[in-house]
Amino acid sequence: MVSTDSPVQIYFSNDVRKYLNHFKDSEKDELLLLGYKFNHIYIVFLPVKQIDLEKLPQELRDLQIIGTFSNTNKQANHAYDLNIKFDPRTDKIPKIISPSSSYVVFFDPPNFKNLEYFSITPILLESMKSDEEATTSGKIDYIALLEKWEPELHIDDNQFFISDDQILDKINHLYRNRLVFQKWWLAESGTHFLPSLFNSEQLNVIRPIKSAFTSLLIPITQFIQKLLITIIKIINFKFGKFSLVTLSKIFRQLDLRLQQFNYFPIQFLCYYNKNLLYNEQNGKSSSVIDRLKLPIFNSNLNINNSNYINLYNSIWLIFNDVLIGQAVYGLIEENFDDIVELIRRSIQRYLFQDMMELITWVSSKHPAGFKLNNELGKFMGDLYLWTLWFWKLVEENFQLSEPTRIKLFIKIICCFGGVSFLVSFLIDVMNVATYHIYTFYYCSTKIYKRQLEVIKSLFQLFRGKKYNVLRNRIDNLSTTQVNSSGFDFIDQLLLGTLIFMILILLLPTVFAFYLMFFLMHLVSIMTVNLLENIQILINFTPLFVILLKLKNSKRLQGGIKFEFLKYIPNTTYIKMKNKALTNGEIFTNFFKLFKRTKNFRNSIIYNFLSGELIVIKYDYLLKFHYLMLPDVYSETINVWKYLPRN
Amino acid sequence: MNIETTSIGSITPKSLSPQSSPKSPIRHRKYLSIPSSPRLGKLPPWKKLLYLKQPYPDNYTDKSFLSQLKRNTTVAKYSYVKLVEDFSLIIFYISCILLVILIFIGIYVHNWDPTWFTITTSVITFFSFMFLSNSYMINMKSFILIILMLFMVSPILESLTKSTSSDSIWAISFTLCIANAVFHEYSMSSAQRKIKPHRPIISTNISLSNAIVLASRLSSTNEVFQFVLFAVQINILLPLFDAKLLQLNYKKLHWTIVITSFILVDVLMYKLLNYKFMVYWNIAAMGLVVIMPGYFLSLQRYKNELQGPWDTAKPILNRGR
């Protein structure tokens, strides 16, 4: 029995009309509606003449006769809930005779084979794990508090909504269940339900070819996966504090690429056989997810679809990468000698000669008119210059002595890895070449910072106060001194003031050196940042998603939207459509990637003024989470165990 | 019962009149004066006790209310002579500062040799330490420490501001001297000194900064060391010594030191600068010492501090005993 206060919703797929056309006119008068019923929500499945519900196969057990379907305005048959009048040739929309007030929702049945379906929550193509973690690991869980104190809404337990999983599930599987139904009908009654829609012969031919192919392919893939896993383990192996991955950018890129390859089989299998991913029998996600520790935060169908999309996106991007790499290598090969000469000259000039001039300028020649302390300036300038000469000697012995070997190396990485490996190689070269700038910057930052700290603490002394570490406050000096004769404190005070004045007056010189090296370091960091941006662009652009959106936006589920059609007394007609992911949603995570994987911009000015080091802070895990790669990559081999023998 | 008589906090003259009571005006108008209802006859005299139930209204003010009013009881009474003595301390400190500046002018402009200044003052300081306190060993130690520190640091000090132009140095020095005079502790009476001991920390630091900044203009390390040592002795140690003298009541010695320094400043001004400066200085000093106390005393008549039984009671603590 329908509860009287919740509205009746009838979900009516747009192709029911097509089914009706196959019935003869005489039969159309009295047809039964087969469908699903959930308390007050009805989903129309197919119109039938008569049917024996007991004999339906397992998957279709939920079907029941929900109403009658008539062509004329015959009086309602009170045995069933619904009574619909619909003449496909004359009426545009069906007329609901009973129940009295209802909502009719039209929709196009999603083609499940093409991975079209309706989803309330948008599909999650990339996961930014730090986002989700940040919101739930806050000190006070505001959401839990809100839920605790929120006034209770009176929701009838019996009331169903479209956001309930069962209803959406039935709607999504409409297409597939119809095929099953027709197969059963054929088996039962010997006639095709609808002749043109069903052909089963195809599968018989393809199947043996498939099984032969797969039995050959699986061991090969397993072997390749084992190899990949061992290589990844070697690269990531930590000796002391370092591993190959932390030392060089090329290895990091290699790590990313190999893990992508490693994960491809699973993505493919998950799409192909969805039982792998979530055990529908148990209702919860399968152990594959647990063992791999996939960063997934939405459920069921969405994972499947996102795996598919991510798989093909990755393949396409890697393919692009290699092609561009080969093109670039061709360019490099032509002008190799020129490039080498250019690099050599610019390193000589910018990194050494100009630096020497700059340092001499700052140390003794009143830079920009500022009067710095000459003694200190000269001393520090000599320090840096001597180190620079030494570094220059080292570089000269080291660099570009065998162009042919380098050429071969570049050829390998470009043609097999792609242009992203070339960019990583450039980043590595830059890091090594500007290492001396980094050490100078580090050194001058430490000096500046120490000086600033001492000045701050001595300034308290100057004022006659002292910082009490135990109480974390500033005390007056007179309360801390014990004596009463009045002369003992003089020597401490005088020493403190002496040092304070000296440091204050030497601060401009130190600051000048600090500023100079800071600017140099900033330039080199910004160049590295630019190269990393190019690398992200090559590795992570959601090209496939954009193209999919243009081609068939029903496959990018961003939610459902309802459109109002018309209102006839007692019935409201609404249309339900899939809302595709907007461009903003597609690119939001992509743009976040630029800022979050490498960050050096947090409060640059404050860090500069207080003497903190400014380096690029990397978040490497984010890239893996973005591609939805598993945390435990070695378990990917075990996925073959779960594959049911087909 | 009139609650206002026992309220906490001082009352300004305005609120003494009953008209400014915060009670409701209607009720207030009824009880403006002493109720002499003929029915009751004569009322018993009003007593200032809360625990008695008296037939007077709550906001009743007795005649005897203002009898306990005291005026200007906590105001200190100054005598002219004492004020002159205390104001002379200011002149003394300013003359110490001026001494340092004048000697610097002598060394820098007229190329005087600072050696014999320094030796004289060091010897005097040495003897004054021995004279002053019993535990002179400790003070000797700190004095020698000061000398050694300055000696170590003077090469750095010499080249500290070499490249800065002289004008900025004079400007810095001027500001520091003004700040020095402003922040010094000119403590007046020995009673106050027991509460807060005489430790002029900020002015000590500023005097030393001033000495360093000036000394960095000098050309040789020796000169730098000697000048800074001299400045520390005159500007820091001498006022401290003087304060100790006052504490121990050696009045005559104190006055000789004050007058000697004043005369020295006069002489040096005359020799190094124009005589006009000397005249200005004398006039200013006389004005400060003679006229200012008189002005200060004449302003005392504006003090109007009221006290009465409505103020918070000050507990008398039995010390020791």
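Naming convention: chains lettered A, B, ... in sequence-line order (proteins, then strands); numbering from 1 in each chain.
- Heavy-atom distances place the side chain of B:Val232, and not its backbone, under 4.5 Å from chain A.
- For the residue pair B:Ser203/B:Glu185, the side-chain donor-acceptor check at 3.5 Å is not satisfied.
- Looking only at heavy-atom pairs under 4.5 Å with chain B, the residue among A:Ile504, A:Leu495, A:Thr509, A:Ile499 that has the most is A:Leu495.
- In this structure a side-chain-to-backbone donor-acceptor pair under 3.5 Å is missing from A:Tyr448 to A:Leu515.
- Contacts from residues 150-162 of chain B to chain A, taken as heavy-atom pairs separated by less than 4.5 Å, involve B:Leu150, B:Val153, B:Ile156, B:Leu157, B:Ser159, B:Leu160, B:Thr161 in sequence order.
- Using cut-offs of 30° and 60° on the angle between ring planes, the pair B:Tyr108 and B:Phe104 is parallel.
- Of all the listed residues (B:Ile146, B:Thr164, B:Ile202, B:Leu208), the one sharing the greatest number of non-hydrogen pairs under 4.5 Å with chain A is B:Leu208.
- The candidate from B:Ala211, B:Ser216, B:Ser209 with the greatest count of non-hydrogen atom pairs under 4.5 Å with chain A is B:Ser209.
- Counting only N and O atoms by type, the side chains of B:Asn180 and B:Tyr93 include a donor and acceptor under 3.5 Å apart.
- A:Glu532 pairs by the side-chain hydrogen bond (donor to acceptor under 3.5 Å, both in side chains) definition with A:Tyr618, not counting sequence neighbours.
- With no hydrogens or angles considered, no side-chain donor-acceptor pair links B:Asn222 and B:Ser220 at under 3.5 Å.
- For the pair A:Gln451 (side chain) and A:Leu503 (backbone), a donor-acceptor distance under 3.5 Å is present.
- When each of A:Leu506, A:Thr497, A:Asn374, A:Ile502 is scored by its heavy-atom pairs under 4.5 Å with chain B, the top score falls to A:Thr497.
- Within residues 454-462 of chain A, the residues approaching chain B closer than 4.5 Å by heavy atoms are, in numerical order, A:Leu461, A:Phe462.
- No donor-acceptor contact under 3.5 angstrom links the side chains of A:Ser524 and A:Thr527, judged on distance only.
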Please tabulate, for the side chains in residues 428-445 of chain A, all donor-acceptor contacts under 3.5 angstrom to protein atoms that are two or more places apart in sequence or on a different chain.
unit_1	atom_1	unit_2	atom_2	d
A:Asp428	OD1	A:Lys249	N	2.9
A:Asp428	OD2	A:Ser248	OG	2.7
A:Asp428	OD2	A:Lys249	N	3.1
A:Asp428	OD2	A:Ile250	N	3.3
A:Thr434	OG1	A:Met430	O	2.8
A:His436	ND1	A:Trp391	NE1	3.0
A:His436	ND1	A:Ala433	O	3.2
A:Thr439	OG1	A:Tyr435	O	3.3
A:Thr439	OG1	A:His436	O	2.7
A:Tyr441	OH	A:Ile614	N	3.1
A:Ser444	OG	A:Phe440	O	3.2
A:Ser444	OG	A:Tyr441	O	3.2
A:Thr445	OG1	A:Tyr441	O	2.5

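- Proximity to chain B is limited to the backbone of A:Leu372, based on heavy atoms less than 4.5 angstrom apart.
- Here the two rings, on A:Tyr514 and A:Phe608, have centers that are under 6.0 Å apart.
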Starting from the C-alpha separation in whole Å, work towards a yes-or-no answer on side chain to side chain contact (heavy atoms under 4.5 Å, CB included) for A:Met520 and A:Tyr350. CA-CA 11 Å; A:Met520 282 197 242; A:Tyr350 291 121; over 6 Å; no
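- Remark: the backbone N or O of B:Thr125 is paired with a side-chain donor or acceptor of B:Ser128 at under 3.5 angstrom.
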